[in-house]
Chemist: 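I have a structure I would like to understand better, so I am pasting it below and will then ask my questions one at a time.
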Amino acid sequence: MLASPPPLADDALIGEAAPSPAGPLAADDRGAYALPPVVPLPRTLQTLRFSVRQIEFVFRWRRQLGETFRFRGVIDDEATVVTSHPDHVKSLFTARPEDAPSLTGESPLRPIVGPNSVLTALGPRHMRQRKLLLPPFHGEAVQRYAEMIAAVTDREIDSWPVGEPIRLAPAMQAITLDVIMAGIFGIEGLPEKGTPARSIRDTIRWAVGLSVRPEAQLFELLDLGREEPSGPLKRLLDKLDRHIYAVIAERRADPSAAERTDILSLLLRATDEEGVPLTDRELRDELLTLVLAGHETTANSLAWAFERLVRTPAAYDRLRDVARCGGADYADEDGWIEATIHETMRSRPVIPMIGRRVTRPWQLGDYRVPAGTAIAMSILLVHHREDVYPDPYAFRPERFLGVKPGTYTWIPFGGGIRRCLGASLAMAEQRVVMRAVARRTDLAAVDPAPERARHRNVTMIPAHGARVVVQSKRAG
Ligand code: HEM
């Protein structure tokens with residue numbers, strides 16, 4: 001087992017985990033495997049608990065079994081390893097792609113976004129798609145979106161009623177969906193009524209609204225392990241696909257597509273080494289991935305930020321001071337807005353777990369697991385290690401003041417060659433939206449108790465959508 005962590009200075013807000021050697025072993029390694037302890041529940045119960053109450057599940061078994069354990073669950077016949085040590089994370093993020101391919105191709109997302117997107121593809125195909133998509137999501141490229149994001153945010157805040165409860169998650173989703181649609185389809189503002197792009201937007205808003213209803217979790221469970229969607233999910237996707245294929249056909253016929261810089265036009269011009277362009281089905285998978293991955297995560301992260309802030313008065317007051325003193329140049333002189341985003345994403349990572357399947361035997365501290373093992377990195381558990389983040393359950397943005405988050409200890413965007421493609425966009429959106437909401441509104445919690453986290457598909461969201469009352473509002 002691990003040695004005790006080094007002592008921390010009284011005022012240290014970020015510490016370090018004691019080392020735990022990890023990495024690939026030689027393919028012909030003859031050492032005996034030493035498997036981490038397994039959750040002692042019947043398999044169906046584990047699957048159910050993990051799918052429905054993943055958050056409680058990982059905290060409970062980490063407490064009982066240690067920082068590396070196994071459970072029998074959704075993905076595999078074999079048990080999946082869950083780890084929460086930064087050195088184990090590092091070994092997987094820095095591994096050669098063929099040694100530790102991503103598990104997203106096997107995740108509950110696959111029936112939805114299909115097998116062809118940058119999220120679900122593996123190997124050379126994944127690298128090709130990623131190279132193609134990186135430039136439009138690059139840090140500088142997203143800066144030009146700042147004004148558009150601010151305009152969309154102002155429009156949304158204008159619509160909030162004063163003195164009545166609102167749910168921030170759908171409100172934020174209205175902003176982030178319009179932002180990602182603008183980037184993908186090259187539309188400024190709302191797509192016009194009656195266009196296929198508008199139908200995509202409206203269908204997604206409607207579907208996300210439905211997906212937070214309790215019965216949606218049942219459909220999710222029914223779809224576990226399936227290659228293709230079924231039932232209501234299939235009907236919904238068929239509807240969405242009709243609109244997506246219509247947008248693709250429209251853009252293929254548009255002579256200006258050759259010069260346009262939006263992501264759809266870029267994808268339409270892309271070819272593989274043999275000069276073959278993407279098929280409609282491949283384009284559909286990519287577009288749906290970007291729309292889905294690109295808005296709900298950011299929206300829920302913003303919702304969590306204010307869920308935490310309205311219950312942490314000192315942090316919220318300071319944020320309002322910062323947001324209200326500067327001009328409209330999105331300044332964040334002392335770094336408080338950035339620190340608040342970092343602390344939100346630490347304490348409430350919207351994607352709480354990511355995985356890789358090792359194709360070679362792997363060492364994880366005192367354990368050695370065989371080739372073929374699925375290893376899940378619990379972002380949530382890494383972010384709640386007491387040795388790295390003292391007082392881990394407290395919301396303390398000051399941890400990150402003047403501190404760059406660690407590559408293997410702050411991992412809300414994952415890492416390595418699968419690191420979130422939209423991280424720069426997500427950060428830019430959070431900066432602009434957080435500042436505008438803090439500048440223009442005074443929010444209060446509807447219920448003083450913290451909002452419970454709920455697991456939906458691969459995300460961890462506020463169970464009631466982050467309910468707040470807008471106590472007062474300023475003009476934009
Ligand atoms: C707060 C917001 C967001 C969070 C927390 C988030 C989180 C993540 C995580 C954890 C991964 C998996 C990384 C891994 O396995 O190592 C990922 C992948 C990805 N994300 Fe995000 N994401 C966010 C916003 C966005 C946005 C705005 C986009 C825009 C398009 C986006 C597009 C993607 C794509 C395409 C991938 C797959 C990358 C690959 O496999 O190469 N995400 N994201």
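Positions are given from 1, in the same order as the sequence printed here. Remember, it's 1-based here, ligands and their atoms both numbered in the order they're listed. As the structure is a prediction and not an experimental result, all values here were calculated from the model.
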Chemist: To the nearest 0.1 Å, how far is atom 35 (C) of ligand 1 from its closest protein heavy atom, and which atom is that?
Modeler: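 Protein heavy atom at minimum distance: Val118 CG1, 3.5 Å.
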
Chemist: Could you work out, for atom 2 (C) of ligand 1, the closest of Thr298, Leu292, Ile379 by heavy-atom distance?
Modeler: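 Answer by nearest heavy atom: Thr298.
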
Chemist: Give the contacting part of Ile351 toward ligand 1: side chain, backbone, both or neither, where contact means a heavy-atom distance below 4.0 Å.
Modeler: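 For Ile351, only side-chain atoms sit under 4.0 Å from ligand 1.
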
Chemist: Can you tell which part of Arg356 has a heavy atom less than 4.0 Å from ligand 1: side chain, backbone, both or neither?
Modeler: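 For Arg356, the contact with ligand 1 is made by the side chain alone.
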
Chemist: In ligand 1, which numbered atoms sit nearer than 4.0 Å to a non-hydrogen atom of Arg130?
Modeler: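 Within the 4.0 Å cut-off of Arg130, ligand 1 contributes 38 (C), 39 (C), 41 (O).
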
Chemist: Check whether NZ of the Lys or CZ of the Arg Arg346 lies under 6.0 Å from the centre of the six-membered ring of Tyr389 and within 45 degrees of that ring's axis.
Modeler: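 That pair qualifies as a cation-pi contact.
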
Chemist: For the pair Tyr408 and Phe93, name the ring-plane relationship: parallel under 30°, tilted 30 to 60°, perpendicular over 60°.
Modeler: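 Tilted, since the angle between the ring planes falls between 30° and 60°.
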
Chemist: Taking atom 29 (C) of ligand 1 as the point of reference, which of Pro349, Ser301, Ala423, Gly294 owns the nearest heavy atom?
Modeler: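 The option holding the nearest heavy atom is Gly294.
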
Chemist: Take atom CZ of Arg467 as the centre, draw a 6.0 Å sphere, and report whether it contains more than 12 heavy atoms from other residues, nucleotides or ligands.
Modeler: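 Open.
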
Chemist: Counting each atom of ligand 1 from 1 as listed, which ones have a heavy atom of Met345 under 4.0 Å away?
Modeler: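 Close to Met345: 1 (C), 5 (C).
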
Chemist: Against heavy atoms of Gly415, which atoms of ligand 1 measure under 4.0 Å?
Modeler: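 Numbered from 1, ligand 1 contributes 16 (O).
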
Chemist: With heavy atoms of Gly422 as the reference, note each atom of ligand 1 found under 4.0 Å away.
Modeler: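 The list of qualifying atoms is 26 (C), 27 (C), 28 (C), 29 (C), 31 (C), 32 (C).
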
Chemist: Minimum distance, heavy atoms only, to atom 21 (Fe) of ligand 1: which one of Gly416, Ala121, Cys420, Pro352 is it?
Modeler: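 That would be Cys420.
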
Chemist: Atoms of ligand 1 less than 4.0 Å from His126 heavy atoms?
Modeler: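 Those of ligand 1 that fall under 4.0 Å from His126 are 39 (C), 40 (O), 41 (O).
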
Chemist: Say whether, by atom type as modelled, one donor and one acceptor occur between the side chain of Glu286 and the main chain of Ser117 under 3.5 angstrom.
Modeler: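 The answer is no, because no donor-acceptor pair under 3.5 Å joins these two groups.
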
Chemist: Closer than 4.0 Å to some heavy atom of Gly414 - which atoms of ligand 1 meet that?
Modeler: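 Once the distances to Gly414 are compared, the set is 10 (C), 13 (C), 14 (C), 16 (O).
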
Chemist: Classify the side-chain pair Thr373/Trp362 by whether it contains a donor and acceptor separated by less than 3.5 Å.
Modeler: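 No, no side-chain donor-acceptor contact under 3.5 Å.
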
Chemist: Can Thr176 and His295 be counted as having a side-chain donor-acceptor contact under 3.5 angstrom?
Modeler: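 Not at all, the side chains of Thr176 and His295 share no donor-acceptor pair under 3.5 Å.
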
Chemist: Going by atom types alone, do Ser265 and Asp262 pair a side-chain donor with an acceptor below 3.5 Å?
Modeler: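 Yes, side-chain donor-acceptor contact under 3.5 Å.
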
Chemist: Quick one about His383 and Ser347 (side-chain donor to acceptor, distance below 3.5 Å, no hydrogens or angles considered), yes or no?
Modeler: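 Judged by distance alone, the side chains do not pair up.
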
Chemist: Of all the non-hydrogen atoms in the protein, which one sits nearest to atom 34 (C) of ligand 1, and at what distance?
Modeler: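 Nearest protein contact, heavy atoms only, for atom 34 (C) of ligand 1 is Leu421 CB, 3.8 Å.
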
Chemist: Which label fits Phe59 and His384: parallel for a plane angle under 30°, tilted from 30 to 60°, or perpendicular past 60°?
Modeler: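 Rings of Phe59 and His384: perpendicular, over 60°.
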
Chemist: Which of the atoms of ligand 1 are close to Ile354, meaning less than 4.0 Å from one of its heavy atoms?
Modeler: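 Numbered from 1, ligand 1 contributes 10 (C), 12 (C), 14 (C), 15 (O), 16 (O).
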
Chemist: Could you check whether the rings of Phe50 and His455 sit parallel, tilted or perpendicular, using 30° and 60° as the cut-offs?
Modeler: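 Rings of Phe50 and His455: tilted, 30 to 60°.
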
Chemist: For atom 23 (C) of ligand 1, what's the nearest protein heavy-atom neighbour? Residue, atom name and distance, please.
Modeler: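 Heavy-atom neighbour on the protein nearest atom 23 (C) of ligand 1: Thr297 OG1, 3.4 Å.
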
Chemist: Measure across Gly465 and Pro170 and return the closest heavy-atom pair with its distance rounded to 0.1 Å.
Modeler: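 Closest approach of Gly465 to Pro170, heavy atoms only: O-CD, 4.3 Å.
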
Chemist: Heavy-atom contacts with Pro412 under 4.0 Å: which atoms of ligand 1 show up? List them by number with element.
Modeler: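 Result: 5 (C), 7 (C), 10 (C).
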
Chemist: Considering only non-hydrogen protein atoms, determine which one is nearest to atom 25 (C) of ligand 1 and report residue, atom name and distance to 0.1 Å.
Modeler: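 So the nearest neighbour among protein heavy atoms is Ala293 O, 3.3 Å.
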
Chemist: What is the nearest protein non-hydrogen atom to atom 36 (C) of ligand 1, stated with its residue, atom name and distance?
Modeler: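 It is Leu119 CD1, 3.7 Å.
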
Chemist: Would you say Arg418 has any N or O atom under 3.5 Å from an N or O of ligand 1, going by distance alone?
Modeler: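 So ligand 1 has an N or O lying under 3.5 Å from an N or O of Arg418.
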
Chemist: Check whether any side-chain N or O of Gln129 sits under 3.5 Å from a backbone N or O of Asn116 as a donor-acceptor pair, and report yes or no.
Modeler: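 At least one qualifying donor-acceptor pair exists.
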
